[in-house]
Amino acid sequence: MSLVKIVGIGHYCPENTVSNDQLSNLVDTSHEWIVKRTGICERKISKGESTVDLAVKASINAMKMAKCSPQDIDLIVVATTSPDRIMPSTACSVQSILGCDNAAAFDISAACSGFLYASIIANSLIKNGEGSKALVIGSEVLSRIIDWNDRNTCVLFGDGAGAAILEVSTDNSGIISTYFGSDGKTGTKALTANQFPIKTPFADASLKREEYLQMDGREVFKFAISIIPKVVKKLLEDSGEDISNIKYIIPHQANVRIIDDAAKKLNISKDKFYINLESYGNTSAASVPIAFSEAVNKGLLNKGDKIILVAFGGGLTWAGILLEW
Ligand code: ACO
């Protein structure tokens with residue numbers, strides 16, 4: 001069976017940039033603390049653009065690169081933790097706006113691992129003959145589920161979207177190995193958001209604190225530094241690849257200290273990781289495809305390069321993909 005390949009990748013983020021200094025006017029924090037503890041300098045925050053709006057713009061960029069039209073898409077899978085509505089799905093709204101009339105469309109929820117979960121699902125469905133071209137999207141307006149009075153979380157997150165087009169490969173390159181999993185047993189309390197949707201991007205005084213996103217940062221940090229090396233090693237083992245043949249690891253962009261630790265544990269240079277969290281913060285399901293798309297736009301990937309995409313998130317969940325570009 002031929003491999004499935006990512007033939008187009010694109011991203012879109014809101015223009016509005018919010019600096020660490022701006023956040024220090026909202027909560028008791030500082031640019032120095034945020035940079036030292038996370039690596040984040042600024043993030044994009046939507047000024048009214050919805051999760052669907054961001055998803056549509058990222059998808060148009062991905063379709064441009066894949067040179068395909070909306071009518072060619074058989075499958076739309078959207079990963080999001082911050083959908084505009086419970087129903088219809090974000091995927092169906094994207095389908096309607098783009099005119100992907102021939103697609104089956106649905107959303108999945110796996111927090112920051114969502115884009116990779118969605119890609120693994122699309123990979124399997126295409127391999128199974130359930131369509132030949134998939135549009136996979138990670139899109140988030142997290143700013144509306146953030147408690148802008150909570151310095152533990154509000155400095156970490158941002159808004160944005162990334163999208164990819166997957167189809168059967170014609171040249172033997174593509175997705176080589178995948179791995180995903182979750183730990184609901186111990187992980188359900190580490191990261192929660194009990195309420196959505198919230199219309200305004202900044203704190204809505206009528207909501208109780210526990211309805212916004214809440215995180216046990218230390219628990220998630222501990223989980224992240226153990227799961228990234230585990231996922232990378234599993235993908236290498238399953239594909240028979242050596243880490244030295246991997247051009248880039250594109251990780252979930254949560255905290256540069258997590259990436260530092262992963263590089264140490266894997267005994268590789270930090271330069272092997274593509275990092276852009278300083279400009280976007282953690283955009284959850286959008287984080288990996290935004291970074292992937294940015295790396296492609298910068299011309300960092302050549303045909304035949306092997307890369308690893310790896311993510312972890314609420315649930316707790318994790319996922320990874322090893323592919324040949
Ligand atoms: N500014 C200043 N001080 C702060 C801030 C802030 N923004 N946030 C926390 N602090 C304080 C704390 O109150 C604490 O003070 P105390 O010692 O007086 O109690 C002190 O800084 C240290 O707090 P820690 O929580 O120990 O700080 P830590 O170094 O662990 O960094 C962080 C916190 C950045 C949240 C880290 O734990 C982390 O990155 N965790 C992982 C988060 C993550 O990856 N999330 C992704 C989730 S993916 C998804 O699905 C959404």
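Everything quoted here is computed from the prediction, not taken from an experiment. Along the sequence shown, residues are numbered consecutively beginning with 1. For ligands, and for the atoms within them, numbers begin at 1 and follow the listed sequence. When reading the values below, keep in mind they use all heavy atoms of this one structure, side chains included, and skip hydrogens, waters and symmetry mates.
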Original post:
So which protein heavy atom does atom 18 (O) of ligand 1 come closest to, and at what separation?
Top reply: Arg151 NH2, 4.9 Å
**OP:** May I ask whether atom 24 (P) of ligand 1 is less than 4.0 Å from at least one protein heavy atom?
**Re:** yes
Subject >> atom 20 (C) of ligand 1 protein-contacted (non-hydrogen atom, under 4.0 angstrom) >> reply: no
Original post:
Which heavy atom of the protein is the closest neighbour of atom 35 (C) of ligand 1, given with residue, atom name and distance?
Top reply: Leu156 CD1, 3.9 Å
Original post:
What is the nearest protein non-hydrogen atom to atom 32 (C) of ligand 1, stated with its residue, atom name and distance?
Top reply: Asn255 ND2, 4.5 Å
Original post:
Does any N or O atom in Gly217 lie less than 3.5 angstrom from one in ligand 1, N or O only?
Top reply: yes
Original post:
Do any N or O atoms from the side chain of Glu140 and from the backbone of Ala285 form a donor-acceptor pair under 3.5 angstrom?
Top reply: yes
Subject >> atom 8 (N) of ligand 1 - nearest protein heavy atom and its distance >> reply: Trp33 CH2, 3.2 Å
Original post:
Is Ala111 in polar range of ligand 1, meaning some N or O pair under 3.5 Å apart?
Top reply: no
Subject >> Region of Thr153 engaging ligand 1 - heavy atom pairs below 4.0 Å >> reply: neither
Original post:
Does NZ or CZ of Lys306 fall inside the cone over Trp325's six-membered ring, less than 6.0 Å from its centre and within 45° of the axis?
Top reply: no
Original post:
Which one of Gly313, Cys112, Ser113 has a non-hydrogen atom at the shortest distance from atom 49 (C) of ligand 1?
Top reply: Cys112
